[in-house]
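Contents: one structure, followed by commentary.
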Amino acid sequence: VVGFSGTPYLEKAEKIQVTDLEVSDITQFSYVLDGTTLSFTKNGTEWTYDGDQSVDIDESALETLLNKASAITASDEVTEYDGLADFGLDANTVTLKMDSGLTTIYIGSQNEITNEYYLKTGDSDTIYVVDSAPATGFDKSVEDLTAKADDTETEAEEPSEAVDET
């Protein structure tokens with residue numbers, strides 16, 4: 001293919017579909033953060049943290065994580081290798097449970113040359129090369145996924161206090 005100036009340019013590489021899941025079908029998921037497994041369960045339309053069901057989960061932040069895991073594409077794949085540890089695939093896992101089954105994603109180390117990450121699914125021996133989006137999203141603590149108090153309530157109270165003072 002030739003560009004406008006007559007010089008050749010690279011065609012966009014074909015993406016490899018690694019996961020193709022409907023977020024609405026996911027009923028439970030977990031991931032490991034600093035050696036601790038954080039697990040979440042969907043009850044109807046609400047997500048709860050299995051470690052403390054009283055935690056008010058920020059549904060939007062949680063869905064952002066699930067979107068990262070549900071539609072992963074890769075730029076390349078590795079099919080011949082000696083061991084998973086060579087790619088850092090022996091530690092960080094994300095598990096997604098649906099009525100149709102279980103999907104496990106192993107997130108590996110970052111390639112320092114390309115800045116891409118290695119990733120493998122539990123049902124495949126292929127190691128995929130992915131951008132940082134699906135690999136770096138699962139570093140959120142429970143506090144990061146907790147719904148924040150709405151600032152508009154505080155703002156509404158402040159003017160009424162000012163009126164009371166005058």
Evaluation steps, side-chain contact (heavy atoms from CB on, under 4.5 Å), between Thr104 and Thr121 | CA-CA 6 Å; Thr104 303; Thr121 60; over 6 Å; no

Does atom CD of Gln17 have more than 12 heavy-atom neighbours from other groups under 6.0 Å away?
-> yes

Given Val130 and Glu116, is the side-chain contact (heavy atoms from CB on, under 4.5 Å) satisfied, shown in steps?
-> CA-CA 6 Å; Val130 300; Glu116 294 177 303; over 6 Å; no

In one Ile/Leu/Val/Met/Phe/Trp/Tyr side-chain cluster, 4.5 Å: Tyr117, Leu84 | no

Donor-acceptor contacts under 3.5 Å from residues 59-73 side chains, at least two apart:
unit_1 : atom_1 : unit_2 : atom_2 : d
Glu59  : OE2    : Trp47  : N      : 3.1
Thr64  : OG1    : Ser60  : O      : 2.9
Asn67  : ND2    : Glu63  : O      : 3.2
Ser70  : OG     : Leu66  : O      : 3.2
Ser70  : OG     : Asn67  : O      : 3.3

Can you give the donor-acceptor pairs under 3.5 Å from side chains of residues 23-37 to other protein atoms, not counting sequence neighbours?
unit_1 : atom_1 : unit_2 : atom_2 : d
Thr27  : OG1    : Lys97  : O      : 3.1
Tyr31  : OH     : Lys140 : O      : 2.5

Taking Thr126 for the side chain and Thr79 for the main chain, is one N or O donor matched with an acceptor at less than 3.5 Å?
-> no

Thr48 vs Ile57 side-chain heavy atoms within contact, under 4.5 Å = no

Test item: Ser39 side-chain N/O and Asp50 main-chain N/O as donor-acceptor pair under 3.5 Å = no

How long is the span from the CG atom in Asn115 to the CD1 atom in Ile113, to the nearest 0.5 Å?
-> 10.0 Å

Between Asp86 and Asp82, the two heavy atoms sitting closest are OD2-CB, 3.8 Å

Hey, could you give me the CG/CD1 distance between Asp76 and Ile16, rounded to the nearest 0.5 Å?
-> 6.0 Å

Measure the shortest side-chain to side-chain distance between Val142 and Val55 over non-hydrogen atoms and say whether it is less than 4.5 angstrom.
-> yes

One should read off an interatomic distance between Glu77 CD and Ile127 CD1, to the nearest 0.5 angstrom, of 11.0 Å

Please report the closest heavy-atom contact between Asp131 and Pro134, naming both atoms and the distance.
-> OD1-CD, 3.1 Å

Show the numbers, then the answer: is there a side-chain contact (heavy atoms from CB on, under 4.5 Å) between Thr146 and Asp58?
-> CA-CA 5 Å; Thr146 300; Asp58 180 347; over 6 Å; no

side-chain contact (heavy atoms from CB on, under 4.5 Å) between Phe138 and Ile105: does it pass, once the steps are laid out?
-> CA-CA 11 Å; Phe138 293 92; Ile105 300 167; over 6 Å; no

State the CZ-OG distance between Phe87 and Ser109, to the nearest 0.5 angstrom.
-> 8.5 Å

Give, for atom CD of Glu46 and atom CZ of Phe40, the distance between the pair rounded to the nearest 0.5 Å.
-> 14.0 Å

Under 3.5 Å, is there a donor-acceptor pair linking the side chains of Tyr118 and Asn111?
-> yes

Could you state whether Leu145 and Leu38 fall into the same hydrophobic cluster, counting links through intermediate Ile, Leu, Val, Met, Phe, Trp or Tyr residues with side-chain heavy atoms under 4.5 angstrom apart?
-> yes

First locate atom CG of Leu89, then atom OH of Tyr106, and finally report the distance between them rounded to the nearest 0.5 Å.
-> 9.5 Å

